[in-house]
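Let me begin by presenting the structure, written as structure tokens, before commenting on it.
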Amino acid sequence: MIDLRSDTVTRPTPAMRRAMAQAEVGDDVYGEDPTVNRLQEVAAARFDRQAALLCPSGVMCNQLWLRVIARPATEVVVEADAHVVNYEAGAGALLAGVQFRTVPGRRGLLEAPEVAAAIRPDRFPLTPTSLVWIEHTHNRRGGTYYGMPGLRALRATTRDAGVPLYMDGARVFNAAVAAGVPVAEYARQVDALSFCLSKGLSAPVGSVMVGDSDAIAEARLWRRRYGGAMRQAGVIAAAGLVALDQMIDRLAEDHEHARVLAAAAGEVAGPHVDVEQVQTNIVYLERVPAAPIAAALRDAGVLVSVMDDATIRLVTHAGVSPADCDRAGEHLRRVLGQVIPTA
Ligand code: TLP
């Protein structure tokens, strides 16, 4: 099977498995796991920030940051299709006690004037804004990424308003590779961020919170409360270190594969694929009969995600070879040609 459902399906590489087997470990609740400590130091240095904290998942990082930065009974300004709004099972309302004020972005990217208009002051009886949230790359909008001018404008807007800016950087390394921008440059524009080791970077488990030391200390406390403090987590961190060392530059190959798939789909179903939107490793087919397409592709050995009745997502990653990509592209062309009436 060629599995294009998500980059979360990536398996640990042989180098990761070796590093995991040999990892020096200790009890991380005591702060005594040398491999976890090393990963956190490496991550903080890579983003040029004071501190980092390893967590079991991207959702936990997002929820911890919500809890640490946003105050309960306040509003978080966020793009309408963001992961935290759509795919975290209502956790922001339940655990952090916040409500989301959603703003449609341009291909998922927020723009400063709309954000400025959505921020509410802390004045009775308004619901004040305590956080602005960006997703980078934007999952539901095809892996789009921010240009530096747009990001700097958001930074200026939020700073003027006195509201912190957070980046769900689950796929921030895809953005960095595609844009040729060091992740530290992104990190300078936000108050806090998180990134995932377990998506395109192929580690089996783990996401990392990055920010100021006092905020990370507070997050460590809340991670404990949420049950996310782990013991000999060095076996996980060891794979994360390999991911940061070996798996970033190759993301360019995934981006190339996504362009190949988008082009194949575009040949027979042009209006249903926004090729401009395919900036990294995610391709969407929109306004299509999703279930029959997914079923026909599955019969041909290609797995895709049905996001809703009319939307299919394909994600490229290290488990997809150039030959897999070509084969998937051929099946895509054939199936779309059969299923889409205008084709
Ligand atoms: N995204 C998953 C699904 O949950 C949709 C995927 O297959 O893409 N932020 C963003 C932007 C994400 O895309 C995801 C996962 C997360 C956070 C959560 O990460 P995990 O799954 O590690 O909790």
Item to complete: Drop me the distance from Tyr186's OH to Met167's CE, to the nearest 0.5 angstrom.
Response: 7.5 Å
Item to complete: List for me each residue that meets ring-ring contact (aromatic ring centres under 6.0 Å, His included) alongside His317, sequence neighbours excluded, and say none if there are none.
Response: none
Discussion item. Within a 6.0 Å radius of atom CZ on Arg152, are there more than 12 heavy atoms belonging to other residues, nucleotides or ligands?
Written reply: yes
Worksheet entry | Basic-acidic side-chain contact under 4.0 Å: Arg259, Glu256 | yes
Worksheet item: Any side-chain heavy atom of Leu154 within less than 4.5 Å of one from Val115?
Response: yes
Fill in: Arg140-Tyr87 side chain donor-acceptor pair, cut-off 3.5 Å
yes
Fill in: Distance, nearest 0.5 Å, that separates CG of Leu66 from CG of Leu131
6.5 Å
Worksheet entry | Residue pair Ala118 / Arg101: nearest heavy atoms and the distance that separates them | O-NE, 3.0 Å
Item to complete: Measure the shortest side-chain to side-chain distance between Ile248 and Arg46 over non-hydrogen atoms and say whether it is less than 4.5 angstrom.
Response: yes
Practice prompt. Please tell me if the side chains of Glu253 and Pro322 come closer than 4.5 Å, counting only heavy atoms from C-beta onward.
Written response: yes
Worksheet item: Does Met230 belong to the same Ile/Leu/Val/Met/Phe/Trp/Tyr cluster as Leu241, with side-chain heavy atoms less than 4.5 Å apart forming each link?
Response: yes
Worksheet item: Hey, quick one: are Val181 and Met247 part of the same hydrophobic cluster, counting side-chain heavy atoms closer than 4.5 Å, chains of contacts allowed?
Response: yes
Worksheet entry | Within 6.0 angstrom of Arg11 CZ, more than 12 heavy atoms from elsewhere | no
Discussion item. Working note: Asp160 + Thr157, criterion side-chain hydrogen bond (donor to acceptor under 3.5 Å, both in side chains); need CA distance, chi angles, decisive distance, verdict.
Written reply: CA-CA 5 Å; Asp160 289 351; Thr157 298; 6.0 Å; no
Item to complete: Measure from the side-chain N and O atoms of Arg224 to the backbone N and O of Ala229, and report whether any donor-acceptor pair falls under 3.5 Å.
Response: no
Worksheet item: So do the side chains of Leu110 and Glu114 get within less than 4.5 Å of each other, counting heavy atoms only?
Response: no
Fill in: 4.5 Å side-chain heavy-atom contact, Tyr284 and Ile312
no
Worksheet item: Is the distance between the ring centroids of Phe173 and Phe47 less than 6.0 Å?
Response: yes
Discussion item. Please report the interatomic distance CE(Met20) to CD1(Ile236), rounded to the nearest 0.5 Å.
Written reply: 7.0 Å
Worksheet item: In Å, rounded to the nearest 0.5 Å, how long is the span from CZ of Arg18 to CD of Gln22?
Response: 8.0 Å
Fill in: Side-chain touch Thr280/Thr316, heavy atoms, less than 4.5 angstrom
no
Worksheet item: Ion pair present between Asp28 and Arg223, side-chain N to carboxylate O less than 4.0 angstrom?
Response: yes
Worksheet item: Is Asp309 atom CG crowded by more than 12 heavy atoms from other residues, nucleotides or ligands, each under 6.0 Å away?
Response: no
Worksheet, complete the sentence: Note: Arg71 and Pro128 closest approach over all heavy atoms is NH2-CG, 4.1 Å
Worksheet entry | Rounded distance [0.5 Å steps], CG in Leu39 versus CG in Leu54 | 5.5 Å
Item to complete: Would you name the heavy atoms of Met209 and Ala219 that are closest together and state the gap between them?
Response: CE-CB, 3.5 Å
Worksheet item: Given the rule in the side-chain contact (heavy atoms from CB on, under 4.5 Å) test, do Leu4 and Val315 qualify, once you have shown the distances and angles that lead to the verdict?
Response: CA-CA 5 Å; Leu4 301 170; Val315 185; 5.8 Å; no
Worksheet item: Ignoring hydrogens and geometry, is there a side-chain-to-backbone donor-acceptor pair from Asp33 to Gly234 under 3.5 Å?
Response: yes
Discussion item. Testing the 3.5 Å rule here: is there a donor-acceptor pair between the side chains of Tyr146 and Thr137?
Written reply: no
Fill in: Residues Val76, Gln99; criterion side-chain contact (heavy atoms from CB on, under 4.5 Å); working and verdict
CA-CA 6 Å; Val76 176; Gln99 66 187 34; over 6 Å; no
Worksheet item: So, His83 and Glu135: side-chain donor and acceptor under 3.5 Å apart, yes or no?
Response: no
Worksheet item: Tell me, do Cys325 and Val320 make a side-chain contact under 4.5 Å, heavy atoms counted?
Response: yes
Discussion item. Would the distance check show the side chain of Asp299 and the main-chain N or O of Ala296 forming a donor-acceptor pair, the cut-off being under 3.5 Å?
Written reply: no
Worksheet item: For atom CZ of Arg107, is the number of surrounding heavy atoms from other residues, nucleotides or ligands below 6.0 Å larger than 12?
Response: yes
Fill in: Full working for salt bridge (Lys or Arg N to Asp or Glu O under 4.0 Å) between Asp7 and Arg171
CA-CA 10 Å; Asp7 46 10; Arg171 297 184 178 83; 2.8 Å; yes
Worksheet item: Counting only N and O atoms by type, is there a donor-acceptor contact under 3.5 Å from the side chain of Arg49 to the main-chain atoms of Asp191?
Response: yes
Discussion item. Using side-chain heavy atoms (C-beta onward) and a distance below 4.5 Å, is Asp326 in contact with Val260?
Written reply: yes
Worksheet entry | Polar side-chain atom of Thr129 near backbone of Arg120 as donor-acceptor pair, under 3.5 Å | yes
Worksheet item: How close do Gln279 and Gly143 get, heavy atom to heavy atom, and via which atoms?
Response: CB-O, 3.9 Å
Worksheet item: Hey, is the main chain of Asp212 close enough, under 3.5 Å, to the side chain of Gln50 for a donor-acceptor pair?
Response: no
Worksheet item: Between Trp222 and Tyr226, what is the ring plane arrangement, given parallel below 30°, perpendicular above 60°, and tilted in between?
Response: perpendicular
Worksheet item: What are the two closest non-hydrogen atoms of Ala80 and Thr102, and how far apart are they?
Response: CA-CB, 3.7 Å
Worksheet item: Of Thr8, Asp3, Thr10, which meets side-chain contact (heavy atoms from CB on, under 4.5 Å) against Ser6?
Response: Thr8
Worksheet item: Taking Asn37 for the side chain and Gly31 for the main chain, is one N or O donor matched with an acceptor at less than 3.5 Å?
Response: yes
Worksheet item: Glu79 side chain to Asp81 main-chain N or O, any donor-acceptor pair under 3.5 Å?
Response: yes
Worksheet item: With distance as the sole test, does Ser305 use its side chain to make a donor-acceptor pair with the main-chain N or O of Arg5 at under 3.5 Å?
Response: yes
Practice prompt. Would you check if the side chain of His272 reaches a backbone N or O of Arg287 as a donor-acceptor pair within less than 3.5 Å?
Written response: yes
Discussion item. Could you measure the distance from the OG atom of Ser57 to the CG atom of Leu197? Nearest 0.5 Å is fine.
Written reply: 11.5 Å
Fill in: Minimum-distance pair of heavy atoms, taken over all atoms of Arg220 and Val29
NH2-O, 3.9 Å
Discussion item. Could you tell me if Asp254 and Asn174 have a donor-acceptor pair between their side chains, going purely by distance under 3.5 Å?
Written reply: no
Practice prompt. Show your working on side-chain contact (heavy atoms from CB on, under 4.5 Å) between Leu64 and Cys61 and close with a plain yes or no.
Written response: CA-CA 5 Å; Leu64 287 173; Cys61 290; 5.9 Å; no
Worksheet item: Do other residues, nucleotides or ligands put more than 12 heavy atoms under 6.0 Å from the CZ atom of Arg298?
Response: no
Fill in: Pair Ile134-Leu151, side-chain contact (heavy atoms from CB on, under 4.5 Å): steps then yes or no
CA-CA 10 Å; Ile134 59 174; Leu151 203 48; 3.4 Å; yes
Item to complete: Would you check if there is a donor-acceptor pair between the side chains of Asn62 and Glu88 at a distance under 3.5 Å?
Response: yes
Discussion item. Between Glu185 and Arg188, does any NZ, NE, NH1 or NH2 come within less than 4.0 Å of an OD or OE carboxylate oxygen?
Written reply: yes
Worksheet entry | Option among Leu336, Thr311, Asp274, Leu261 that satisfies the side-chain contact (heavy atoms from CB on, under 4.5 Å) test with Leu285 | Leu336
